[in-house]
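Below you'll find the structure, written out as structure tokens, and then a few comments.
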Amino acid sequence: ELDRRDRLFRPGMTVIDLGAAPGGFAQYAARRIAPGGRLLAVDLLPMAPLEGVEILQGDISEAAVLESVRTWLGPHQADLVMSDMAPNISGIRAVDEARMGYLAEISVDFAELALRPGGALVLKTFQGVGFKELMQRLKTQFKTVVSRKPKASREASPEMYLLARGYGPKA
């Protein structure tokens, strides 16, 4: 849905998918960036092999995993970072929002390290505590930031996606 609306993918892209398990988004993206594209799926959970996807199991906030990603990138940087990371939901809104906010911050920190100038970030988050600050941070680092609420997401759910494009210093 996001790709149809915002044309996220093109052949030859380098993409990193955070929180990729079980792999549906990565599998779709791998087809869209072929031929010539590269996709690295990162998750704490194990994933079954997927055609056109390299898989790295681990915690993206750990130094060893970050080093593995840097090795995978080599001298290049990513065109797109996708983060579908989500906490285990406790049912306590304040706790869940705080956990999701933490994962969103990790995703933005990672994007700062991995994205090429002009690159993009797609980030799942919750509306709630810290959302305004997250939007402000993204607006200082990207030329455009828009929010998207997929039709698949329940109306009452605070879940939404942010699409930030044009990474780098603003002119």
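Here the structure is a predicted model, which is why all the values come from computation and not from measurement. We're numbering straight along the sequence, starting at 1.
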Approximate separation, where rounding is to 0.5 Å, of [X] [atom1] and [Y] [atom2]:
X    : Y    : atom1 : atom2 : answer
M85  : F110 : CE    : CZ    : 9.0 Å
M160 : F131 : CE    : CZ    : 4.5 Å
I16  : L121 : CD1   : CG    : 11.0 Å
D43  : M47  : CG    : CE    : 7.0 Å
Q77  : R70  : CD    : CZ    : 11.0 Å
F142 : T144 : CZ    : OG1   : 9.5 Å

Following the transitive rule for hydrophobic clusters with a side-chain heavy-atom cut-off under 4.5 Å over Ile, Leu, Val, Met, Phe, Trp and Tyr, establish whether [X] and [Y] coincide in one cluster.
X    : Y    : result
L66  : L103 : yes
I55  : I60  : no
M13  : L115 : no
V146 : V122 : yes
V53  : F9   : yes

What pairs meet the side chain to side chain donor-acceptor pair (under 3.5 Å) rule with one or both residues in [range], with sequence neighbours excluded?
range            : answer
residues 5-24    : D6-R148
residues 57-66   : D59-S61
residues 117-126 : D84-K124
residues 97-116  : D79-R116, S83-S107, R93-E97, E105-R137, D109-R137, E112-R137, E112-Q141

Taking all non-hydrogen atoms of both residues, which atom of [X] and which atom of [Y] are closest, and how far apart?
X    : Y    : result
A114 : V81  : CB-CG2, 4.4 Å
L8   : L80  : O-CD2, 4.2 Å
L73  : A78  : CD2-N, 3.9 Å
L40  : L56  : CD1-CB, 4.0 Å
A30  : G52  : CB-O, 3.8 Å
A164 : V145 : CB-CG2, 4.1 Å

Flag the pair R4 / E1 as yes when at least one side-chain heavy-atom distance between them is below 4.5 Å, and no otherwise.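 Yes, their side chains come closer than 4.5 Å.
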Taking the side chain as every heavy atom from C-beta outward, state whether L134 and L123 have any atom pair closer than 4.5 Å.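 In contact.
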Given the rule in the side-chain contact (heavy atoms from CB on, under 4.5 Å) test, do M82 and V15 qualify, once you have shown the distances and angles that lead to the verdict? CA-CA 8 Å; M82 307 184 301; V15 177; 3.9 Å; yes
Check whether any side-chain N or O of D96 sits under 3.5 Å from a backbone N or O of I89 as a donor-acceptor pair, and report yes or no.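 No.
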Measure from the side-chain N and O atoms of E159 to the backbone N and O of F126, and report whether any donor-acceptor pair falls under 3.5 Å.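 Checking the backbone N and O of F126 against the side chain of E159, no donor-acceptor pair under 3.5 Å is found.
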If you count heavy atoms of other groups shown closer than 6.0 angstrom to CD of E51, is the number above 12?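 No, CD of E51 has 12 or fewer neighbouring heavy atoms, counting only those of other groups under 6.0 Å.
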Side-chain cluster (under 4.5 Å, hydrophobic types only) that L44 belongs to, other residues: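 Joined to L44, directly or through intermediates: none.
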Run the side-chain hydrogen bond (donor to acceptor under 3.5 Å, both in side chains) test against E54 and tell me which residues pass, sequence neighbours left out.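 Testing E54 for side-chain hydrogen bond (donor to acceptor under 3.5 Å, both in side chains), a comparison that skips the adjacent residues, returns W72.
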